[in-house]
Colleague: 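The following block contains the structure, expressed as structure tokens.
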There are 2 protein chains.
Amino acid sequence: MQVVEESAAKASGAGLTERQSAVLESALNLLVDGGEKAVTTAGVARAANCSKESLYKWFGDRDGLLSAMIGYQAGKVRTVEVRAESLTVEGLRRHLSAFALDLLDVLSGDVSLALNRLAIGQTVRGERRGGAASGGATLGRLLEERGRRQIGRRATTLLEAGRKAGLLAFDDADEAYGTLYGLIVTDAHLRMLLGEDPRAMKKEFAGRAERAVTSFLTLYGVGAMADA
Amino acid sequence: MQVVEESAAKASGAGLTERQSAVLESALNLLVDGGEKAVTTAGVARAANCSKESLYKWFGDRDGLLSAMIGYQAGKVRTVEVRAESLTVEGLRRHLSAFALDLLDVLSGDVSLALNRLAIGQTVRGERRGGAASGGATLGRLLEERGRRQIGRRATTLLEAGRKAGLLAFDDADEAYGTLYGLIVTDAHLRMLLGEDPRAMKKEFAGRAERAVTSFLTLYGVGAMADA
DNA sequence: AAGCTTGCGTACCGTACGGTACGGTTCGGC
DNA sequence: GCCGAACCGTACCGTACGGTACGCAAGCTT
């Protein structure tokens, strides 16, 4: 039994045909420059040259579509695993700076901002609205799991490597990561979510990243690390 | 010419009668436990026992109503000016801790979270949607001006006082404040915006504030400040 | 007491959107 | 060459909401 559907299809996300991925891509574009209200079922269908009926067949629901959009986008972000061996002072600093820049780049991305706005807009009082199609995971949680946690893992492994190499000192890796995150991002993310122009902020990213890393090393670096 | 309207009316906000303030209060309650979609003109009218016609007469528009809600709530937050004279080492630390706790309390408040979600939900790609009634200020900008900046001023004056007393060392007060903000808040605000239960996080606020202040003093404190 | 303003309650209209149904078309399999 | 599945395009339905209009009661001003 030769299953064509499996050989030809299956893009990045979990069990999505190419067609469906293309549709989600269109939907994301729509979301990016129109906000949530621009993502109407008719609008997506028109933009993607597909029928509403297919949308409902594939995603079940408008909420299902939104969830799929988040899942799809999150699936595209692959965090580069850092090879932590042979970590030198300068190497750690470089890796931290690279991480800081990557983090700022991700957070300031058009799609990321749009999806965060979407998820936040759906959120109500600690509970989330709208039942997602695939198993009850909600948009906010989804975004947190697939985005934040994912990128956090990369950072914590880096920090652990630094500690193991005797370059960093901390008790709780998550706490240290929290500090690093705060130093890097401060309120930039929220300001962008509220509408501040990301392009204007991107110019400051390099300096911001450097300062954050320097401060972080001052706080958690061992010995002469801070001066590196 | 004895103007009754002025003697009897005018609550906290700019030119709002008591009745209107009461209506806005109802609307805020509605927003807090229903999200933006719960704030319908009919719903607000019903909750506040007023007519839709009055709503439109007073606020002109649904967007005007939303703007008024933000302005009203922002008007209620009065930041306590710190008397910066006679600043001691311990005093500075206490003030910083108090600020940190206040900040976390404000950001985790139900109304604050709801309004931030509202403003973020209205935001699209650097521009803001929906023309506010009063002069074109938009929701995101409004929230930023009246909330963030306001509370930021309190912090920067405190930091300036610390520097003048020779307890802190920094070049740019805003930059130092940014660092302080990041250390205190990290990603807690965003997590709450995405639906994390604020009550669960509030338990960690005290410890979080202390750690943040200690770190901040390590970075910017002069001499033995950090050990205070 | 008459008149006017204010504002409540309700009914109403237009529109936009989520969701469904149906006819027509393309494409792979027999 | 025929069949069925998938899918497009569109038309359709119900509902919900923003915004407006009208009728009517309460509280002033004169």
Side-chain angles (χ1 to χ4, degrees), chain A residues 1-10 15-24 26-27 30-31 34-69 118 121-122 129-133 139, chain B residues 1-11 15-27 30-31 34-69 118 121-122 129-133 139:
Chain A
M1 174 176 174
Q2 195 183 0
V3 187
V4 178
E5 147 193 89
E6 289 229 337
S7 67
K10 305 287 179 181
L16 291 176
T17 68
E18 294 179 4
R19 186 81 185 95
Q20 291 163 1
S21 298
V23 168
L24 292 180
S26 292
L30 229 49
L31 175 69
E36 182 197 344
K37 308 198 76 171
V39 186
T40 66
T41 55
V44 172
R46 200 180 326 117
N49 285 327
C50 78
S51 72
K52 287 173 68 173
E53 196 170 12
S54 301
L55 287 185
Y56 283 97
K57 171 179 278 185
W58 293 333
F59 308 108
D61 204 340
R62 182 172 183 265
D63 281 321
L65 174 64
L66 297 180
S67 299
M69 288 165 63
L118 173 64
Q122 298 280 332
R129 232 198 277 130
L139 300 190
Chain B
M1 175 176 171
Q2 196 183 1
V3 187
V4 179
E5 148 194 85
E6 289 229 335
S7 67
K10 308 284 178 178
L16 292 175
T17 67
E18 294 178 5
R19 186 81 186 95
Q20 291 164 0
S21 298
V23 168
L24 291 180
E25 198 75 48
S26 292
L30 229 50
L31 175 69
E36 181 195 343
K37 308 196 75 168
V39 186
T40 66
T41 55
V44 172
R46 199 181 325 117
N49 284 328
C50 76
S51 72
K52 285 174 68 174
E53 197 169 13
S54 302
L55 288 184
Y56 284 97
K57 171 178 280 186
W58 293 334
F59 307 108
D61 205 342
R62 182 173 183 265
D63 281 322
L65 174 65
L66 298 180
S67 299
M69 288 165 63
L118 172 64
Q122 299 280 334
R129 230 197 281 129
L139 299 190

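No hydrogens, no waters, no symmetry mates; every other heavy atom, side chains included, goes into these values. In what follows, chains carry the letters A, B, and so on, assigned in the order in which the sequence lines appear, proteins first and then strands, with residues in each chain numbered from 1.
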Colleague: Would a 4.5 Å heavy-atom cut-off, applied to side chains only, mark A:Leu65 and A:Leu24 as touching?
Modeller: yes
Colleague: May I ask you to verify if any side-chain N or O of A:Arg46 is less than 4.0 angstrom from the OP1 or OP2 atom of D:dT10?
Modeller: no
Colleague: Looking at B:Trp58, I'd like to know whether one of its side-chain N or O atoms comes within less than 4.0 Å of OP1 or OP2 on C:dT6.
Modeller: no
Colleague: Provide, to the nearest angstrom, the distance between the CG atom belonging to A:Asn49 and the P atom belonging to D:dC7.
Modeller: 14 Å
Colleague: So which protein N/O to nucleotides 23-25 of chain D N/O distances come out below 3.5 Å?
Modeller:
none

Colleague: Whole angstroms only, please: what is the CD-P distance between B:Gln20 and C:dT6?
Modeller: 12 Å
Colleague: Find the distance B:Glu18:CD to C:dT6:P and express it as a whole number of Å.
Modeller: 17 Å
Colleague: Under a 4.5 Å cut-off applied to non-hydrogen side-chain atoms, are A:Thr41 and A:Tyr56 in contact?
Modeller: yes
Colleague: Could you give the distance from OG1 (B:Thr40) to CZ (B:Arg46), rounded to the nearest 0.5 Å?
Modeller: 6.0 Å
Colleague: Are OP1 or OP2 of D:dC8 and a side-chain N or O of A:Ser54 less than 4.0 angstrom apart?
Modeller: yes
Colleague: Not counting sequence neighbours, which residues clear side-chain hydrogen bond (donor to acceptor under 3.5 Å, both in side chains) with B:Gln20? List them please.
Modeller: none
Colleague: Using whole Å, what does the distance between atom P of nucleotide C:dG7 and atom CZ of B:Arg19 come to?
Modeller: 9 Å
Colleague: Hey, what are the protein-to-nucleotides 15-19 of chain C N/O distances that come in under 3.5 Å?
Modeller:
residue : atom : partner : partner atom : Å
C:dG18  : OP1  : A:Arg62 : NE           : 2.8
C:dG18  : OP2  : A:Thr41 : N            : 3.0
C:dG18  : OP2  : A:Thr41 : OG1          : 3.3
C:dG19  : OP1  : A:Asp61 : OD1          : 3.0
C:dG19  : OP2  : A:Tyr56 : OH           : 3.3
C:dG19  : OP2  : A:Asp61 : OD1          : 3.2
C:dG19  : OP2  : A:Arg62 : N            : 3.2
C:dG19  : N7   : A:Lys52 : NZ           : 2.7
C:dG19  : O6   : A:Lys52 : NZ           : 2.6

Colleague: What heavy-atom pair brings A:Ala47 and A:Ser26 nearest, and what distance separates the two atoms?
Modeller: O-OG, 3.9 Å
Colleague: Is there a side-chain contact between B:Leu55 and B:Cys50 (heavy atoms, below 4.5 Å)?
Modeller: yes
Colleague: What closest approach, in Å, do A:Ser67 and A:Leu139 show between heavy atoms, and which atom pair accounts for it?
Modeller: OG-CD2, 3.3 Å
Colleague: How far apart are the closest heavy atoms of A:Val39 and A:Ala27, and which atoms are they?
Modeller: CG2-O, 4.3 Å
